[in-house]
Amino acid sequence: MLKFYSFIAFKQILNKIKMKRLLVLIVLVSSFQLNAQTNAELIKHYEAFYKQMKKQGDVQGIINAMTHLNVLSPSQERLDTLGYIYMSEGQYNQALNTIGVDQVVNDSDIAIQVKAVSLKSLGQPKLAIGFFDEMFKRNPNAHIAYELAELNLQLKNLAEAEKHITYGLANSKDDMTKTFYETQTPYKVPLKSAFMYLKALVTYNKDTKANIDAAVDILDAALKTAPNFNLIQLSKNELLRQKQALQAEAAQPKN
């Protein structure tokens, strides 16, 4: 009788364990279903929030909505868009923190642009050139050629700069412009005039003493097509000052 009772007790214990396991499983399944439902509701909420922020033109609200959506439902497209918004707002570190700075073969066109522009704006021309090169490979045009010419000129890569200047002068259309910001009021000039400005700088840098007159001649030609080009006038004045200094130095008697 005692053995029979022990067997029944043991069986009851097993049944209790099974029931507990079943209850735990039910709780877990319910929890997963609840979380899935909650996530779906949150995604729906932030999608509506995103649309409303776009309608109101609230950039920070758009960033907040996009960030929440990406946490709830990660997407490379959303990351790229978020990086682009940061870049457009001049928040270049945030843009790069969002999408990274590595060169990835399957990067979208937006991601490449964000990395290129952000790195250039943060004073990283060496890193920026790689991404502008990729942009040019995917979509060669005069505007990207200008960026490449300017960056290579900064790094004294004169042959590379000259190559892109030649392309830009040949492919700039009459309706293409370039905006400059060194004055209180930004101004636009024909893109071809901007390339001529870079050409003058490359010419000067090839020989900073012998090529001053040649560089000034190029600047004068550019001024004819863009008389409002303030940066050219500043550069021309500096080159003429250097020329006078060289002439004064040459005129001094030698011991």
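Here the CG-CZ distance, from L119 to F132, works out to 9.0 Å after rounding to the nearest 0.5 Å. Taking CD of Q52 as the reference point, atom CD1 of I62 lies at 11.0 Å (rounded to 0.5 Å). Here the CZ-CG distance, from F131 to D102, works out to 7.0 Å after rounding to the nearest 0.5 Å.
The side-chain heavy atoms of L191 and T177, taken from C-beta on, include no pair separated by under 4.5 Å. Counting heavy atoms from C-beta on, the side chains of K236 and L240 come closer than 4.5 Å.
Judged purely by distance below 3.5 Å, without hydrogens or angles, the side chains of Q113 and D109 never pair a donor atom with an acceptor atom. Of the N and O atoms on the side chains of Y84 and E89, not one donor lies less than 3.5 Å from an acceptor on the other residue. Between Y187 and E182, the side chains place a donor N or O and an acceptor N or O closer than 3.5 Å (distance only, hydrogens not considered).
Every residue two or more places apart in sequence or in another chain that forms a salt bridge (Lys or Arg N to Asp or Glu O under 4.0 Å) with E162 is listed here: K206. Looking at residues two or more places apart in sequence or on another chain, you find a salt bridge (Lys or Arg N to Asp or Glu O under 4.0 Å) between D107 and K115.
Shown here is Q247, whose CD atom has more than 12 heavy atoms of other residues, nucleotides or ligands within 6.0 Å. Under a cut-off of 6.0 angstrom, the local environment of OH in Y167 is crowded, with over 12 non-hydrogen atoms contributed by other residues, nucleotides or ligands.
In this structure a side-chain-to-backbone donor-acceptor pair under 3.5 Å is present from T203 to K199. Checked by atom type and distance alone, the side chain of N211 never pairs as donor or acceptor with a backbone atom of A214 at under 3.5 Å. No donor-acceptor pair under 3.5 Å is formed between the side chain of S73 and the backbone N or O of L69. Using a distance-only test at 3.5 Å, with no hydrogens or angles considered, no donor-acceptor pair links the side chain of N106 to the main chain of V104.
Note: F49 and H45 have parallel aromatic rings, judged against thresholds of 30 and 60 degrees for the angle between ring planes.
The list of side-chain hydrogen bond (donor to acceptor under 3.5 Å, both in side chains) pairs with a residue in residues 148-158, not counting sequence neighbours, reads K120-E150, N152-N157, K156-N205.
The residues E41 and K44 are annotated as not salt-bridged, no charged nitrogen and carboxylate oxygen being separated by less than 4.0 angstrom. Look at E134 and R138 and you find a salt bridge, because one of the NZ, NE, NH1 or NH2 atoms lies within 4.0 Å of a carboxylate O, short of that distance.
With ring centers used as reference points, F180 lies under 6.0 Å from F229.
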Audit row: Y92, Y86, ring pair (Phe, Tyr, Trp, His ring centres under 6.0 Å) steps and yes/no = CA-CA 6 Å; Y92 304 113; Y86 276 128; over 10 Å; no
